[in-house]
Amino acid sequence: MWGGRFERSLLPELEEFASSLDADQYLYHFDLQGSVVHARALQKAGILSGSELAEIERGLQQIRTEFEGRSFAFAETDEDIHTAIDRRLTELTPAGAKLHAGRSRNEQIAFDLRLYCREEAQVATAVLASVVDELAAKAEAYADVPMPGYTHLQRAQVVTVGYHLLAHAEALFRDIDRFAVAYENAEKMPLGSGALAGTTLPLAREAMARELGLARVTENSMDAVSDRDFALDLVYACVSTSIHLSRLAEDIVLWASSEFGFVRLADEIATGSSLMPQKKNPDIAELIRGRAGRSLGAFVALATVLKGLPLTYNRDLQESKESLFAAVDNVLQTGEAAMVLVEHLDFDRERVTAAASDPTLRATDAAEELVRKGTPFHEAHEEIGRLVRDGGFVPPWDVETSIAKRVFGVAKRAHAIRRKVARVKL
């Protein structure tokens, strides 16, 4: 790749240290896609003949077939996916030696990662939409089943199981929006940026972007090769999703405990103990809760790589790939596990209804009833608090009336969410 400048090779132990081939397996498809478009741009610019372009396209298709058939043979000198494809192409056709004209690995990796982020944002959106759909379906099934709502992990007011599940669905719905933003921010095409200052060859960048289905081109080539904000956007969406899935999992862990007993763990989503025969543990929920640490760690690692880099490209950026891929893989696996977990949730209707029948959960409703009759709220609060303390509190309404006056439209909102996520999944 740079033999004219160097007389001696990099030490073998350092070649292994510098290689990114293991991580680059995610990117071969996008690198080949970019190479085809770049070759066509070179032909339009008069750098390649029509026959040379045809040879290069056949060679790149052959390489794609080898990758997909797992028969691509890497060489010891292959430093990354770009050099591996370039080396193999020149083995297949002499015209391959012309393909690297007017481009740099700096722009190639920026391009590959943008297309990767764009595609994975779509995949994550579909997975997340399935989780939200399961939550909404379960909320419809338990729309009117009373349960306690909590603050400080203390029983606070009466809600319903459906209303509680929709709270998790709403949070995850915001994450779908975050993935949409990540998709949009990956839409710029950096090809034609060269190493940092563009190229003197007349490459039609806008035409290349149109061929790739990208909305626009990058404006500044120095920024284009060093920008990884789009990767941060995607990883942040993964972090936010992981946090929300962790909170859902924590609720399930609590509900499945003997102390709560709100959820009966199906065998399909539980494990046992190697010592204690009676145990049924919410291991899947616990793993979902624990997996949030991977996303958070990936975000910190990526941000740390980027925080002090001078413009433009620096080899540190190679380390951004591992964090990005790890965060995406983690959120996809966690989302799929969460979907199955929610699908198998089985609430003990009698247990949650009994927990919601505690009359003190309607103390706030009683205070507001006094307000409705003209009592200042502070006085109403003090009066009801005194009655609760002295054991003389009598709720103004039954549980169902209390819910009806405060928690509206669970089934309707759940149905609306399911319609929206059905469009997202399409």
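Numbers here are sequence positions counted from 1. Just so it is clear, the model here is predicted, and its values are computed rather than measured.
A donor-acceptor contact shorter than 3.5 Å links the side chain of Arg205 to the backbone of Thr218. Under a 3.5 Å cut-off, the side chain of Thr353 and the backbone N or O of Glu350 do not form any donor-acceptor pair. Formation of a donor-acceptor pair under 3.5 Å by the Asn281 side chain with backbone atoms of Asp283 is not found in this model. A donor-acceptor distance shorter than 3.5 angstrom exists from the side chain of Ser273 to the backbone of Leu275, with no hydrogens or angles considered. Asp223 places no side-chain N or O within donor-acceptor distance of the main-chain N or O of Glu219, the cut-off being under 3.5 Å. Side chain of Tyr28 to main chain of Arg64: no donor-acceptor pair is present (N/O by atom type, distance under 3.5 Å, no hydrogens or angles). Thr334 places no side-chain N or O within donor-acceptor distance of the main-chain N or O of Val331, the cut-off being under 3.5 Å. A donor-acceptor pair under 3.5 Å is absent between the side-chain atoms of Asp329 and the main chain of Ala326, judged by distance alone.
Residue Leu306 holds its CG atom at 9.5 Å from CG of Asp316, rounded to the nearest 0.5 Å. Note that the NE2 atom of His344 and the CG atom of Asp267 stand 10.0 Å from one another [nearest 0.5 Å]. Atom OG of Ser226 is separated from atom CG of Asn106 by 9.5 Å, given to the nearest 0.5 angstrom. Taken to the nearest 0.5 Å, the NE2 atom of His381 stands 10.5 Å off from the CD atom of Glu368. Considering CZ of Arg88 and CZ of Phe67, their distance stands at 10.5 Å, rounded to 0.5 Å. The CD atom of Glu343 sits 10.5 Å away from atom CG of Asp133, with the distance rounded to the nearest 0.5 Å.
The closest side-chain heavy-atom distance from Thr401 to Asp398 is below 4.5 Å. Side-chain contact check for Gln157 versus Arg406: some heavy-atom pair is nearer than 4.5 Å. In this structure, Leu245 and Val131 have side chains that are in contact, with non-hydrogen atoms separated by less than 4.5 Å. At a threshold of 4.5 Å between non-hydrogen side-chain atoms, the residues Leu60 and Ile85 count as touching. With contacts defined as side-chain heavy-atom distances shorter than 4.5 Å, the pair Met147/Val159 qualifies. Two residues are said to be in side-chain contact when any heavy atoms from C-beta on lie closer than 4.5 Å; Phe111 and Leu212 meet this criterion. Side-chain contact between Ile403 and Pro146 is present, with at least one heavy-atom pair separated by less than 4.5 Å. Using a 4.5 Å cut-off on side-chain heavy atoms (C-beta onward), Phe30 and Glu119 make contact.
Within 6.0 Å of NZ on Lys44 lie no more than 12 heavy atoms contributed by other residues, nucleotides or ligands. Atom CZ of Phe262 sits in a crowded spot, with more than 12 heavy atoms from other residues, nucleotides or ligands closer than 6.0 Å. Atom CG of Asp144 is surrounded by 12 or fewer heavy atoms from other residues, nucleotides or ligands within 6.0 Å. Within 6.0 Å of CD on Glu66 lie more than 12 heavy atoms contributed by other residues, nucleotides or ligands. Enclosure of atom CD in Glu76 is not indicated, since only 12 or fewer non-hydrogen atoms of other residues, nucleotides or ligands lie within 6.0 angstrom. More than 12 heavy atoms of other residues, nucleotides or ligands lie within 6.0 Å of NE2 in His29, so this atom counts as buried by the packing criterion.
Salt bridge absent: Glu206 and Arg210 never bring a charged side-chain N and a carboxylate O closer than 4.0 Å. A salt bridge is defined here as a Lys NZ or Arg NE, NH1 or NH2 lying under 4.0 Å from an Asp or Glu carboxylate O, and Asp227 with Arg114 meets this definition. Using a 4.0 Å cut-off between charged nitrogen and carboxylate oxygen, Arg418 and Glu140 count as a salt-bridge pair. The pair Arg118-Glu184 does not meet the salt-bridge criterion, since no charged nitrogen lies less than 4.0 angstrom from a carboxylate oxygen. Between Arg247 and Glu250, none of the side-chain N atoms (NZ, or NE/NH1/NH2) sits under 4.0 Å from a carboxylate O, so this pair counts as no salt bridge. Classification of Arg40 and Glu57 as a salt-bridged pair holds, one side-chain N sitting under 4.0 Å from a carboxylate O. Electrostatic pairing of Lys405 and Asp365 does not count as a salt bridge here, judged by no charged N lying under 4.0 Å from a carboxylate O.
Contacts of Gln318 classified as side chain to side chain contact (heavy atoms under 4.5 Å, CB included), with partners at least two apart in sequence or in another chain: Ser20, Arg315, Lys321. For Glu336, there are no side-chain hydrogen bond (donor to acceptor under 3.5 Å, both in side chains) partners two or more places apart in sequence or in a different chain.
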Query raised in the report: Should Leu42 and Glu52 be marked as a side-chain contact (heavy atoms from CB on, under 4.5 Å) after you check the CA-CA gap, both sets of side-chain angles, and the distance that decides it?
Result: CA-CA 10 Å; Leu42 288 177; Glu52 288 173 326; over 6 Å; no
Query raised in the report: Would Phe325 and Tyr116 count as a ring-ring contact (aromatic ring centres under 6.0 Å, His included) if you check the C-alpha gap in whole Å, the side-chain angles of each, and the deciding distance to 0.1 Å?
Result: CA-CA 9 Å; Phe325 301 153; Tyr116 167 84; 4.9 Å; yes
Query raised in the report: Would Phe347 and Val145 count as a side-chain contact (heavy atoms from CB on, under 4.5 Å) if you check the C-alpha gap in whole Å, the side-chain angles of each, and the deciding distance to 0.1 Å?
Result: CA-CA 9 Å; Phe347 284 87; Val145 178; over 6 Å; no
Query raised in the report: So Phe260 and Tyr150, ring-ring contact (aromatic ring centres under 6.0 Å, His included) or not? Walk me through it.
Result: CA-CA 12 Å; Phe260 278 73; Tyr150 293 80; 5.6 Å; yes
Requested in this report: Walk me through it: do Leu248 and Leu135 pass the test side-chain contact (heavy atoms from CB on, under 4.5 Å)?
Outcome: CA-CA 10 Å; Leu248 168 63; Leu135 282 166; 4.2 Å; yes
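For Ala256 against Leu265, the heavy-atom pair with the smallest separation is CB-CG, 3.8 Å. Across Ala285 and Ile252, no two heavy atoms sit closer than the pair CB-CG2, 4.2 Å. Looking at every heavy atom in both residues, Met189 comes nearest to Leu214 through CB-CD1, 3.5 Å. Contact detail for Leu89 and Ile63: the closest heavy-atom pair is N-CD1, 3.8 Å. The shortest heavy-atom contact between Leu166 and Val410 is CD1-O, 3.6 Å. Of all non-hydrogen atoms in Ala101 and Ile47, the two that sit nearest each other are CB-CG2, 4.4 Å.
Under the 3.5 Å distance criterion, with hydrogens and angles disregarded, a donor-acceptor pair is assigned to the side chains of Ser240 and Arg178. With no hydrogens or angles considered, a side-chain donor-acceptor pair links Glu55 and Thr93 at under 3.5 Å.
Cation-pi geometry between Lys420 and Phe173 is met: under 6.0 angstrom from the ring centre, within 45 degrees of the axis.
In this structure, His168 and His164 have parallel ring planes: the angle between them is below the 30° cut-off, well short of the 60° mark.
The salt bridge (charged side-chain N to carboxylate O under 4.0 Å, His left out) test with Arg105 singles out one residue from Asp112, Asp80, Asp86, Asp24, and that residue is Asp80. With Ser35 as the fixed residue, the side chain to side chain donor-acceptor pair (under 3.5 Å) test singles out one of Arg103, Gln108, His100: Arg103.
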Quick one: side chains of residues 293-303, donor-acceptor pairs under 3.5 Å with protein atoms, not counting sequence neighbours, listed by atom name and distance.
| unit_1 | atom_1 | unit_2 | atom_2 | d |
| --- | --- | --- | --- | --- |
| Ser295 | OG | Ser242 | OG | 2.7 |
| Ser295 | OG | Asn330 | ND2 | 2.9 |

